[in-house]
Amino acid sequence: MLPYFHDLSLTAWLAEAAELGLTRVQALRIFRAVHRASTFPHVPESWTQIDAPPKQLARVAERFALAPLPKVVDKRVSEDYTIKFLLGLADGRNVEAVYIPEGTRGTLCVSSQVGCAMACDFCFTGKMGLHRHLRPHEIVGQYARARQELGNLEITNMVFMGMGEPLHNLDNVLTSLEILTNDYGHGVPPRRISVSTSGLLPAIKVLFEKTTVRLALSVNGPNPEKRLRVMPVEKAYPIEDVLAYLRARSEAVGNHHQAMFEYVLLGGENDSLEDAADLVRMLEGVPGRINLIPFNPHPGSPYLRPTDEAVDAFHAYLRAHDRNVFVRKSRGRDVLAACGQLHQQHERRKESIRAFLNSTH
Ligand code: SAH
Ligand code: SF4
């Protein structure tokens, strides 16, 4: 089978195009036509349907195939208009993408892997283990499919906060980011994209070297000891090292490139005022907004949602200590919007259908 055109970065495509005897202008036009076409209501299934000179396309068609878009397996709209898509990939695996409208913004949250290898104790995706990395056409495909489905609802921002650890799938994520942000791709401004990571330091450095997207760091513990209790990755990449790097970087390049921090509040585990004080100490000198995310429980998880009082007190403590802090409302709770949970429900439904079929034979 031919490789997919949609898996090529622009740089890789330009090199291929030169070998095919296409000029740079022709190559750029084809790149744009192919990527724009994947957001059309009727996605082109053959090269003849792409808006570019047929003679040039014939040459491309000998080397590359058009990738299929993920299929919508399930779509749920929650009471707060969060729209959750369960998207089916060519090998039968599913991933999630979630659209979160808020004021003038519309944020699309995409997945980067099927499952995740990082095994954070509170995370449902972590419990699945890693099945596989997503390829660029499957990551950008979530954006293209969502654009189609959303019609007039605009996607103004993107976050890599769905299933998976984006920086564990660095090459494919970098290619996707190039396709998403380049003007000849989808033209999403890089500063409107946030990549969330559990803290893979070497990959964070590469991300900063190669892109200008925003970084969101999942902190989740007020100090290294408590973090290690819920995030095994702390052993390989200590948070103190990541923070030291970010501290030095913000001194070198200034505040406009500051990271953002995520802190999942686990009831009775990391949500006391003592924890808040530790967190302030640990983040000292590292600028960046802190997003508090009240834990969204899932069946079988040993943690509790924090009480509203604990969330308010934690929030107030950070504010009183001059941290820019927000509580992320759990959006779309009624459609199970936390990481990996629609997928889980779908798997259960498949299981019960299978059980039903078995019992009738
Ligand atoms: N792997 C990346 C991105 C995906 S997880 C990372 O960990 O940053 C995105 C965010 O969801 C992370 O901050 C994670 O801590 C949080 N999260 C995972 N499971 C959650 C749950 N059940 N409730 C609330 N937040 C959760
Ligand atoms: Fe993976 Fe992020 Fe879940 Fe941790 S929180 S298991 S890194 S998806």
Side-chain angles (χ1 to χ4, degrees), residues 1-75 83 85-97 99 106 108 110-112 114 133-156 158 172-189 193:
M1 222 181 79
L2 295 173
Y4 288 139
F5 185 92
H6 296 75
D7 282 333
L8 291 171
S9 68
L10 179 58
T11 324
W13 163 238
L14 290 177
E16 294 281 351
E19 273 185 30
L20 291 172
L22 299 172
T23 66
R24 189 182 157 84
V25 171
Q26 291 168 340
L28 288 173
R29 179 176 172 189
I30 291 172
F31 196 81
R32 177 160 57 195
V34 170
H35 286 291
R36 296 286 153 98
S38 58
T39 64
F40 294 169
H42 299 289
V43 184
E45 283 172 3
S46 86
W47 284 100
T48 53
Q49 293 164 284
I50 299 290
D51 177 25
K55 269 197 186 149
Q56 295 168 22
L57 290 177
R59 265 184 266 170
V60 187
E62 281 175 21
R63 285 272 188 94
F64 297 102
L66 295 171
L69 267 196
K71 293 190 174 61
V72 179
V73 175
D74 198 357
K75 178 167 73 174
I83 305 176
F85 300 100
L86 186 67
L87 299 175
L89 309 173
D91 66 351
R93 300 263 187 206
N94 295 324
V95 289
E96 298 176 3
Y99 180 72
L108 184 73
V110 294
S111 296
S112 56
V114 183
H133 294 311
L134 293 187
R135 289 162 58 190
H137 76 273
E138 295 170 318
I139 299 174
V140 181
Q142 295 170 60
Y143 169 85
R145 179 59 89 192
R147 286 256 322 251
Q148 269 185 16
E149 291 284 316
L150 292 167
N152 289 336
L153 294 172
E154 208 188 338
I155 297 172
T156 59
M158 279 184 80
N172 289 335
V173 166
L174 286 174
T175 299
S176 312
L177 289 172
E178 196 196 20
I179 298 168
L180 286 166
T181 58
N182 196 283
D183 282 342
Y184 288 95
H186 291 289
V188 182
I193 300 182

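Counting only heavy atoms from C-beta outward, the side chains of Thr48 and Leu57 never approach each other to under 4.5 Å. At a threshold of 4.5 Å between non-hydrogen side-chain atoms, the residues Thr175 and Leu8 do not count as touching. Side-chain contact between Ile83 and Leu153 is present, with heavy atoms from C-beta onward closer than 4.5 Å.
In plain terms, the two heavy atoms of Glu178 and Ser9 that are nearest each other are OE1-CB, 2.8 Å. Closest heavy-atom contact between Pro44 and Leu66: O-CD1, 4.1 Å. Here the closest non-hydrogen pair linking Asn172 and Ile139 is O-CD1, 4.3 Å. Across all non-hydrogen atoms, the minimal contact from Val73 to Gly88 is CG2-N, 3.4 Å. Counting all heavy atoms, side chain and backbone alike, Arg63 lies closest to Leu20 at CG-CD2, 3.7 Å. Scanning both residues, Arg36 and Gly187, for their nearest heavy atoms gives NH2-N, 4.4 Å.
Of the possible polar contacts, one joining the Gln142 side chain to the Ser111 backbone as a donor-acceptor pair under 3.5 Å is found. In this structure a side-chain-to-backbone donor-acceptor pair under 3.5 Å is present from Gln26 to Thr23. The backbone N or O of His35 sits less than 3.5 Å from a side-chain atom of Ser38, completing a donor-acceptor pair. Panel note: side chain Glu16, backbone Ala12; no donor-acceptor pair is recorded below 3.5 Å. Side chain of Thr39 to main chain of Ala144: no donor-acceptor pair is present (N/O by atom type, distance under 3.5 Å, no hydrogens or angles). A donor-acceptor distance shorter than 3.5 angstrom exists from the side chain of His6 to the backbone of Ala67, with no hydrogens or angles considered.
Here the straight-line distance linking atom CZ of Arg29 with atom CD of Gln56 works out to 7.5 Å at 0.5 Å rounding. Rounding to the nearest 0.5 Å places CZ of Phe64 at 6.5 Å from CH2 of Trp13. Atom CD of Glu149 sits about 13.0 Å away from atom OH of Tyr99, to the nearest 0.5 Å. Here the CG atom belonging to Leu87 is positioned 9.5 Å from the CG atom belonging to Leu69, to the nearest 0.5 angstrom. Remark: Glu154 CD to Arg147 CZ distance equals 8.5 Å, nearest 0.5 Å.
A side-chain contact (heavy atoms from CB on, under 4.5 Å) with Val34 is found for exactly one of Ile50, Val60, Ile179, namely Ile50.
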May I have the step-by-step check of side chain to side chain contact (heavy atoms under 4.5 Å, CB included) for Glu138 and Val95, ending in yes or no?
CA-CA 9 Å; Glu138 295 170 318; Val95 289; over 6 Å; no

Asp183/Arg32 under side chain to side chain contact (heavy atoms under 4.5 Å, CB included): CA gap, chis, key distance, verdict
CA-CA 8 Å; Asp183 282 342; Arg32 177 160 57 195; over 6 Å; no

I would like to know whether Leu134 and Leu89 meet side chain to side chain contact (heavy atoms under 4.5 Å, CB included); could you show each step before the answer?
CA-CA 9 Å; Leu134 293 187; Leu89 309 173; 3.6 Å; yes

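No hydrogens or angles considered: a donor-acceptor pair under 3.5 Å links the side chains of Gln148 and Arg145.
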